[in-house]
Amino acid sequence: ILNVEQSPQSLHVQEGDSTNFTCSFPSSNFYALHWYRWETAKSPEALFVMTLNGDEKKKGRISATLNTKEGYSYLYIKGSQPEDSATYLCAFFGNEKLTFGTGTRLTIIP
Amino acid sequence: ETGVTQSPTHLIKTRGQQVTLRCSSQSGHNTVSWYQQALGQGPQFIFQYYREEENGRGNFPPRFSGLQFPNYSSELNVNALELDDSALYLCASSLDRTSVYEQYFGPGTRLTVT
């Protein structure tokens with residue numbers, strides 16, 4: 001059974017502050033690491049797909065890094081805004097399937 | 001919003017019944033995956049279809065079955081429903097079956113088994 005763990009489980013951040021959270025995954029049989037944002041009452045939306053050790057990706061105020069050798073990825077949000085409130089899911093692609101973590105629920109406090 | 005649609009939105013069934021959930025893929029996508037999300041958990045992979053063939057399966061019993069049609073739309077069938085099958089069922093389409101392609105999710109079908 002593959003374990004993909006995310007921490008923290010939930011997070012409250014003041015508007016304007018920056019934050020980050022972690023995804024841990026197996027370091028063997030790695031093919032890709034996906035990040036998704038899931039807002040309430042909407043569909044999960046892809047943020048990044050990362051494949052190479054040392055990858056860094058950025059989309060606006062959100063960025064992610066990848067360390068496949070030690071099996072972790074960080075997601076960073078700079079200058080949090082109320083629209084960043086969502087659950088952030090990471091998913092490890094290995095053994096021909098995508099295995100999701102349980103997510104980090106982020107709430108931005110105005 | 002993605003171009004992936006699912007029907008129905010909500011469904012209530014009785015234990016022992018059978019259910020069919022439907023998914024329409026994003027245009028141009030030949031791969032569809034189905035996930036079950038129970039309360040407090042991340043989406044769990046059920047199976048994937050690529051060009052009408054099953055291309056991988058998670059730890060779900062055979063009473064969970066699927067189909068993909070020539071237009072790449074898909075169905076998830078669950079027989080002999082159990083109370084634990086109550087969950088949100090998500091489908092996701094992607095451009096191809098490899099890991100580098102992001103998945104485009106539908107809004108889900110909420111299934112309640114009583």
Side-chain angles (χ1 to χ4, degrees), chain A residues 1-10 21-26 28-53 55 57 59 62 64 66 68 73 86-105, chain B residues 1-7 9-10 21 23-26 29 31-51 53-60 64 66 87-110:
Chain A
I1 297 177
L2 294 173
N3 279 331
V4 179
E5 297 182 358
Q6 293 188 246
S7 63
Q9 195 170 19
S10 67
F21 24 93
T22 307
C23 172
S24 301
F25 52 86
S28 58
N29 293 322
F30 175 87
Y31 285 89
L33 194 282
H34 293 219
W35 280 101
Y36 292 86
R37 173 171 60 200
W38 196 355
E39 296 178 65
T40 303
K42 293 189 177 180
S43 309
E45 172 196 0
L47 289 172
F48 306 113
V49 178
M50 308 173 80
T51 57
L52 298 175
N53 185 45
D55 248 357
K57 295 221 172 180
K59 184 184 285 190
I62 305 177
L66 179 67
T68 60
S73 175
T87 296
Y88 291 82
L89 291 165
C90 70
F92 164 85
F93 196 103
N95 297 330
E96 299 183 346
K97 66 176 185 177
L98 208 54
T99 301
F100 281 84
T102 53
T104 292
R105 182 184 290 274
Chain B
E1 295 294 328
T2 69
V4 179
T5 60
Q6 290 187 243
S7 63
T9 307
H10 296 88
L21 309 182
C23 172
S24 178
S25 300
Q26 176 105 345
H29 288 189
T31 303
V32 65
S33 303
W34 284 91
Y35 298 89
Q36 180 197 67
Q37 195 205 17
L39 208 58
Q41 296 185 17
Q44 302 289 311
F45 175 72
I46 303 175
F47 43 58
Q48 181 185 80
Y49 278 81
Y50 168 70
R51 295 184 182 272
E53 299 279 336
E54 188 177 292
N55 183 54
R57 189 177 183 92
N59 296 323
F60 282 81
F64 284 79
L88 180 69
Y89 288 85
L90 293 163
C91 79
S93 70
S94 53
L95 203 54
D96 207 278
R97 60 182 169 173
T98 64
S99 60
V100 298
Y101 292 104
E102 60 194 26
Q103 302 208 346
Y104 290 72
F105 283 86
T109 292
R110 173 77 60 188

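None of the values given here were measured: they were computed from a predicted structure.
For A:V49 against B:S99, the heavy-atom pair with the smallest separation is CG1-O, 3.7 Å.
Other residues, nucleotides and ligands contribute more than 12 heavy atoms inside 6.0 Å of the CD atom of B:E54.
Looking at A:F48, there are no atoms closer than 4.5 Å to chain B (heavy atoms on both sides), in backbone or side chain. Only the side chain of A:L89 comes within contact range of chain B, with heavy atoms under 4.5 Å apart. Heavy atoms closer than 4.5 Å to chain A are found in the side chain of B:L88, but not in its backbone. Neither the backbone nor the side chain of B:Q48 comes within contact range of chain A, judged by heavy atoms closer than 4.5 Å. Of the two parts of B:F47, neither the backbone nor the side chain holds a non-hydrogen atom closer than 4.5 Å to a non-hydrogen atom of chain A. Of the two parts of B:Q37, only the side chain, counted from C-beta on, holds a non-hydrogen atom closer than 4.5 Å to a non-hydrogen atom of chain A.
No donor-acceptor distance shorter than 3.5 angstrom exists from the side chain of A:Y31 to the backbone of B:T98, with no hydrogens or angles considered.
One distance of note links CH2 of A:W38 with CZ of B:F105; it measures 8.0 Å at 0.5 Å rounding. Here B:F45 contributes atom CZ and A:F93 contributes atom CZ; the two are 7.5 Å apart, rounded to the nearest 0.5 Å. The distance from the CD atom of B:E102 to the OH atom of A:Y36 is 6.5 Å, given to the nearest 0.5 Å.
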